[in-house]
Number of protein chains: 2
Amino acid sequence: MLYAGFMSAAPPPIPTPQEPVDHPELLQLGTALEADEPCLRADAARNRARLLEAAARLVAERGAEAVTMEAVAAAARVGKGTVFRRFGDRTGLLTALLDHSEKKFQAAFLGGPPPLGPGAPPVERLRAFGCALLRRSSDELELQLAAEPSANRRFVNPARRVLRHHVEMLLRQAVPGADCELLAHTLMGQLDPALVHHLTRQCGIPLSRLEVAWIDLVDRVTGARPAC
Amino acid sequence: MLYAGFMSAAPPPIPTPQEPVDHPELLQLGTALEADEPCLRADAARNRARLLEAAARLVAERGAEAVTMEAVAAAARVGKGTVFRRFGDRTGLLTALLDHSEKKFQAAFLGGPPPLGPGAPPVERLRAFGCALLRRSSDELELQLAAEPSANRRFVNPARRVLRHHVEMLLRQAVPGADCELLAHTLMGQLDPALVHHLTRQCGIPLSRLEVAWIDLVDRVTGARPAC
DNA sequence: AACAAAACTGGACCGTGGTCCGGTTAGGAT
DNA sequence: ATCCTAACCGGACCACGGTCCAGTTTTGTT
């Protein structure tokens with residue numbers, strides 16, 4: 001399996017749901033693409049399948065919003081606790097639903113034909129990667145968003161919009177020819193509090209490195225690099 | 001007021017909490033910096049102050065996690081409904097708490113001295129802006145995160161990490177000298193499902209423009225621009 | 001001063017995510 | 001076939017965010 005789903009190896013040791021998320025480095029292709037489940041008791045596996053099927057049906061019939069843990073449990077004729085035991089939380093369930101297309105995509109850029117897969121020059125692969133991911137996201141948007149609560153509000157926050165507009169204005173002066181609106185989004189992404197938290201607190205990256213990276217990014221984007 | 005807080009003009013017309021978030025374009029400086037509240041009934045204003053004070057106390061004493069709507073209401077000796085009426089939701093309350101430093105920061109980059117404020121060349125202002133914002137975020141991280149539930153998990157998602165690692169690898173080949181780890185974060189930000197949703201669904205930007213912007217970004221970052 | 005409309009208050013109420021634990025079942029060992 | 005243990009199941013239970021509305025208070029008008 002390429003990456004056998006969110007909860008493939010996690011839930012068995014349930015007493016400690018605090019697994020430190022070890023690095024499951026992208027294992028090179030070659031392993032089966034459809035070994036969906038590791039070592040699950042027969043009834044457990046059956047229930048898992050029923051739950052995923054029920055969830056998919058709910059999404060199809062009544063939208064991702066209707067995918068309530070209780071509703072899924074009821075639709076699958078299963079206790080609520082079972083859903084949580086299997087998938088951890090709502091996010092886990094939604095992620096498992098996305099897993100299939102996830103794997104397909106991983107296969108495409110890890111081992112598929114160029115320019116997405118290996119064989120093309122890196123810059124070209126990068127271009128193709130983004131476009132492919134944009135299209136994929138655009139399809140499964142509903143699920144992707146449902147798996148990340150409050151993601152909808154992230155860009156409507158007035159305070160952040162003020163900041164972004166400021167960056168956009170500066171960009172217009174610095175690189176008049178570019179799509180400054182979208183470029184501003186990119187730059188602001190680098191300053192997102194959640195990212196800062198992740199990098200500094202969880203990854204231990206010092207703030208100074210973030211600052212250097214920011215300045216480097218500005219220079220690259222505006223073409224203001226000393227050596228060019 | 002620079003930007004008088006999340007709920008400055010919103011809550012009075014309560015029957016329609018669906019305000020379409022009109023563009024409160026960054027009003028140029030000059031207006032008072034401390035006109036905290038618009039036209040609020042005396043008791044309402046008093047309760048608002050008590051709520052904010054209580055919330056701040058809770059944050060200080062027991063962390064942002066303890067800032068529960070019910071707890072704040074109780075600590076302020078006020079009904080739960082009042083909290084929601086005043087601040088809309090939890091996010092609104094946390095945002096209001098952040099408002100003060102928000103305003104200070106806005107004043108700094110809108111009208112303060114260079115290089116943050118006007119007067120310096122745009123690229124330099126951009127550099128300063130990022131560094132300043134990084135420092136600010138780093139301070140109020142806890143609140144910033146609390147205001148955005150599930151932001152912590154955003155970068156730990158294994159599936160996304162695979163994608164990011166892929167981008168990072170390609171970047172290492174394309175721009176060996178750069179901080180590819182952070183650069184990969186930046187690029188992935190442009191492909192974030194939440195952003196794609198916001199831009200395409202809420203702003204009506206066609207996917208093709210996102211693709212063009214992505215390719216442009218890749219070219220800028222890797223220095224692969226045709227005209228350089 | 002008296003009144004009416006508008007605005008505010010508070011707490012009961014609901015749905016959902018998530019936890020817990022006694023009872024049950026699967027599946028290997030004998 | 002029988003037994004034992006670990007894994008699993010289900011649903012009662014809890015906390016929190018958010019809604020609602022009857023009753024109260026403020027404010028402007030006459």
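Below, chain A is the first sequence line, B the second, and so on; all start at residue 1.
- Among residues at least two apart or in separate chains, salt bridge (Lys or Arg N to Asp or Glu O under 4.0 Å) pairs with a member in residues 49-74 of chain A are A/E70-A/K80.
- Comparing atom distances between the B/E70 side chain and each of C/dT9, D/dG17, C/dG17 picks out D/dG17 as nearest.
- Ring pair B/H166/A/F129 is tilted by interplanar angle, where 30° to 60° counts as tilted.
- At whole-Å resolution of the value, CZ in B/R85 and P in C/dG11 are 16 Å apart.
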Legend entry - Pair A/H198-B/R153, side chain to side chain contact (heavy atoms under 4.5 Å, CB included): steps then yes or no: CA-CA 9 Å; A/H198 172 67; B/R153 291 184 172 89; over 6 Å; no
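- B/R46 places its CZ atom 10 Å from the C1' atom of C/dT9, with the value rounded to the nearest Å.
- Counting non-hydrogen atoms under 4.0 angstrom, B/T82 reaches a base of the nucleic acid.
- A/T91 and A/E148 are not linked by any side-chain donor-acceptor pair at a separation below 3.5 angstrom, with hydrogens and angles left out of the test.
- Here the side chain of A/F84 is nearest to one of D/dG10, C/dG10, C/dG17, namely C/dG17.
- Summarising the geometry, the separation between CG on A/N47 and P on D/dA7 is reported as 17 Å, rounded to the nearest angstrom.
- Distance alone, capped at 3.5 Å, is enough to place a donor-acceptor pair between the B/W214 side chain and the A/R127 backbone.
- Using a 4.0 Å cut-off between charged side-chain N and carboxylate O, B/E102 and B/R136 make a salt bridge.
- In this structure, CZ of B/R77 is placed 23 Å from P of C/dC8, rounded to the nearest angstrom.
- Close to C/dC8, at under 4.0 Å from its OP1 or OP2, lies no side-chain N or O of B/R48.
- Paired regions of DNA chain C, where each region holds three or more successive Watson-Crick or G-U pairs whose two hydrogen-bonding distances fall under 3.5 Å, are C:1-30 with D:1-30.
- Rounded to a whole Å, the NZ atom of B/K80 is 11 Å from the P atom of C/dA12.
- Between A/R209 and B/D179, the shortest heavy-atom contact is NE-OD2, 2.7 Å.
- Rounded to whole Å, atom P of D/dC9 lies 11 Å from atom CZ of A/F87.
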Polar-atom pairs under 3.5 Å, protein N or O versus N or O of nucleotides 22-29 of chain C: list them with distances, or write none.
residue	atom	partner	partner atom	Å
C/dA26	O4'	A/R41	NH2	3.4
C/dG27	OP1	A/A42	N	3.0

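- Per the geometry, CG belonging to B/L93 stands 11 Å off P belonging to D/dG18, to the nearest Å.
- For B/A66 against B/A71, the heavy-atom pair with the smallest separation is O-CB, 3.9 Å.
- In this structure, B/T68 does not reach the D/dA15 phosphate: none of its side-chain N or O atoms is under 4.0 Å from OP1 or OP2.
- Nearest nucleotide to the B/R90 side chain, out of D/dG18, D/dG10, D/dC13: D/dG18.
- A/L163 approaches A/M188 most closely through the heavy-atom pair CB-CE, 3.8 Å.
- When each of B/G81 and A/M69 is assigned the nucleotide of DNA chain C bearing its nearest heavy atom, the one mapping closer to the 5' terminus is B/G81.
- A/D89 has its CG atom 17 Å from the P atom of C/dT16, to the nearest Å.
- Between A/R48 and A/A96, the closest heavy-atom pair is NH2-CB, 4.4 Å.
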